[in-house]
Amino acid sequence: MSDTDAGPTVEPDALRTPIVAVLGHVDHGKTTLLDTVRGSAVSEGEAGAITQHIGATAVPLGTVSDMAGDLVDPTDFDLPGLLFIDTPGHHSFTTLRSRGGALADIAVVVVDVNDGFQPQTIEALEILERTGTPFVVAANKADTTPGWNPRDGSPIQASYESQSEAARSRLDENLYEIIGDLSDEGFSADLYWRVQNFAKNVGVVPMSAITSEGVPDLLAVLMGLSQRYMKEQMAVDTTGPGAGTVLEVKDERGFGATVDTVLYDGSVRAGDEIVVGGTDGPIVTEVRALLQPRPNAEIRVEKRFDKVEEVRAAAGIKVAAPDLDDAMAGAPIRVVRDRDCESVIEEVESELAEIQVSTEEEGVVVKADTLGSLEAMANALREAEVPILRAEVGDIAPRDIAVASTANKEKHRVVLGFNVDVLSNAEPELDESEVRLFDDDVIYQLVDEYEAYVDELERAQQ
Ligand code: GDP
């Protein structure tokens with residue numbers, strides 16, 4: 001493999017690969033589904049069946065069609081395949097389409113057929129509704145239906161027809177419950193083979209990530225949905241100045257702070273001037289290196305990556321550049337290239353402003369793992385009429401405790417942490433202060449917990 005091999009780059013003026021996000025409640029099978037798609041792609045196709053990106057896996061059309069069998073005829077499609085974001089349920093998704101940009105084009109909401117709707121299922125649906133992102137529901141773990149007779153890798157209808165009457169009606173019952181719950185959330189949904197228009201109705205795909213039953217169907221629906229309803233969005237200039245979203249900010253030995261990025265438009269080249277959203281506003285810097293995972297790398301830190309000269313949308317890439325320490329997960333990243341840097345800074349600024357949280361003189365301190373989740377937290381608190389004194393991306397630091405402890409009202413001497421840790425140097429401070437910490441990884445549960453606490457305080461004061 002040459003040093004400049006950037007994986008499956010798209011030819012200029014080609015359609016880019018649709019980006020797929022997998023969301024859903026914990027333990028409903030998101031990771032297993034992604035592993036199964038990757039694993040069966042590798043065993044189904046030859047070399048090049050998939051390409052590992054930073055934070056994402058590209059499955060080319062040929063491989064999708066190998067896996068989906070008769071359900072996907074490659075000659076019906078001109079999209080290059082599917083790019084699956086690897087971190088399931090990632091909270092950067094909450095910014096997924098806040099503005100023209102897109103972290104993901106389509107989503108799979110995984111629901112355990114037996115467990116049904118759970119808090120993170122509802123949260124995922126709220127995000128998808130707010131961002132107008134089309135999605136399908138993977139009704140997972142169909143194989144756990146009592147009396148189920150597995151047919152590994154089979155399309156779901158053939159498998160369904162081979163089941164006992166009792167197993168079929170048990171599965172049906174659970175599927176109709178999911179369809180009913182979707183309708184309660186305001187989505188018109190049906191079993192996917194009855195859906196005519198996937199842009200208007202949500203298709204429910206019964207499947208199993210363990211036996212792969214229904215996985216062909218899921219891939220066929222994702223491919224069909226993209227081809228039919230996303231094609232215009234995929235027609236980007238993949239050689240123009242790149243645009244993407246920061247998934248994660250990570251220190252890498254020898255490179256300092258780097259940003260793992262999903263690039264949904266244009267290209268990024270080594271040496272490009274870039275503008276990245278940071279905690280103190282836009283960061284202007286220059287790409288020092290673009291890093292892709294080295295295939296079958298040994299875990300010897302300095303050998304884990306291959307440097308590439310250019311990467312084109314859609315792709316996941318690690319960008320190494322000076323001054324990225326304050327970059328924020330969920331923030332935009334833009335390549336300047338032949339444009340005026342000031343105008344790109346303004347673009348990033350206005351995008352940040354759109355997801356900036358307005359604060360008040362008195363209120364609680366909020367910390368969240370990404371800009372998108374911070375925004376979602378702020379929305380939920382606004383709805384609950386909870387004022388915010390300070391809202392930031394990042395782990396809970398000593399100064400957060402210090403700020404919270406200055407509040408006049410007891411109910412505001414609070415830090416709400418969404419998907420973040422307490423830094424070890426903040427722990428003694430937290431213990432010694434009167435500050436109450438609430439943390440959770442479901443936004444509305446966090447808000448509920450806080451409201452219950454306020455109720456308790458008010459009752460105690462009466
Ligand atoms: P996540 O938290 O949504 O990523 O869920 P995981 O993928 O980690 O799955 C949680 C558990 O459910 C694991 O023990 C999986 O092996 C199991 N699981 C996931 N999908 C299926 C499925 O289709 N059938 C069965 N029987 N188990 C599954």
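On a predicted model such as this, the values are computed, not experimentally measured, just so you know. Throughout, numbering of the chain's residues begins at 1 and tracks the sequence. Just follow the structure's listing: the first ligand is 1, and inside any ligand the first atom is 1.
- The pair Lys231-Asp78 meets the salt-bridge criterion, since a charged nitrogen lies less than 4.0 angstrom from a carboxylate oxygen.
- The closest protein non-hydrogen atom to atom 20 (N) of ligand 1 is Asn140 ND2, 3.1 Å.
- The pair Lys250-Glu252 does not count as a salt bridge, with every side-chain nitrogen at least 4.0 angstrom from each carboxylate oxygen.
- Considering both main-chain and side-chain atoms, Ala142 never comes within under 3.5 Å of ligand 1 through any nitrogen or oxygen pair.
- Taking the six-membered ring where the residue is Trp, the centroids of Tyr453 and Phe438 are separated by under 6.0 Å.
- Glu213 and Arg151 are not joined by a salt bridge, as no carboxylate oxygen comes within less than 4.0 angstrom of a charged side-chain nitrogen.
- Within the 4.5 Å cutoff, the side chain of Val136 has no heavy atoms near those of the Val204 side chain.
- For the atom pair Glu173 CD and Arg168 CZ, the distance stands at 14.5 Å (nearest 0.5 Å).
- Residue His25 has at least one heavy-atom neighbour below 4.0 Å for each of these atoms of ligand 1: 3 (O).
- Atom 23 (O) of ligand 1 has Ala209 N, 2.8 Å as its closest protein atom, hydrogens excluded (heavy atom only).
- Atoms of ligand 1 found under 4.0 Å from any heavy atom of Ser208, numbered from 1 in the order shown, are 22 (C), 23 (O), 24 (N).
- Relative to atom 11 (C) of ligand 1, the option among Lys30, His28, Lys141 with the closest non-hydrogen atom is Lys141.
- Looking only at heavy atoms of the protein, atom 4 (O) of ligand 1 is closest to Thr31 OG1, 2.5 Å.
- Taken to the nearest 0.5 Å, the NZ atom of Lys307 stands 10.0 Å off from the CG atom of Leu290.
- Using a 4.0 Å cut-off between charged nitrogen and carboxylate oxygen, Arg390 and Asp400 count as a salt-bridge pair.
- Regarding atom 2 (O) of ligand 1, its nearest protein heavy-atom neighbour is Asp27 N, 2.7 Å.
- The only member of Leu218, Ile156, Asp217, Asn174 that meets side chain to side chain contact (heavy atoms under 4.5 Å, CB included) when paired with Pro206 is Ile156.
- At the top of the distance list for atom 27 (N) of ligand 1, counting protein heavy atoms only, stands Ile210 CG1, 3.3 Å.
- Closer than 4.0 Å to atom 9 (O) of ligand 1 lies at least one heavy atom of the protein.
- Close contacts between ligand 1 and Val26 involve ligand atoms 2 (O) [criterion: under 4.0 Å to a heavy atom].
- Taken from CG in Leu222 to CZ in Phe135, the straight-line distance is 12.5 Å, to the nearest 0.5 Å.
- The protein atom (non-hydrogen) at minimum distance from atom 24 (N) of ligand 1 is Asp143 OD1, 2.7 Å.
- Closest protein heavy atom to atom 7 (O) of ligand 1: Thr32 OG1, 2.5 Å.
- Listed by number with element, the atoms of ligand 1 under 4.0 Å from a non-hydrogen atom of Thr144 are 25 (C), 26 (N).
- Annotation: Gly29 places an N or O atom under 3.5 Å from an N or O atom of ligand 1; distance criterion only.
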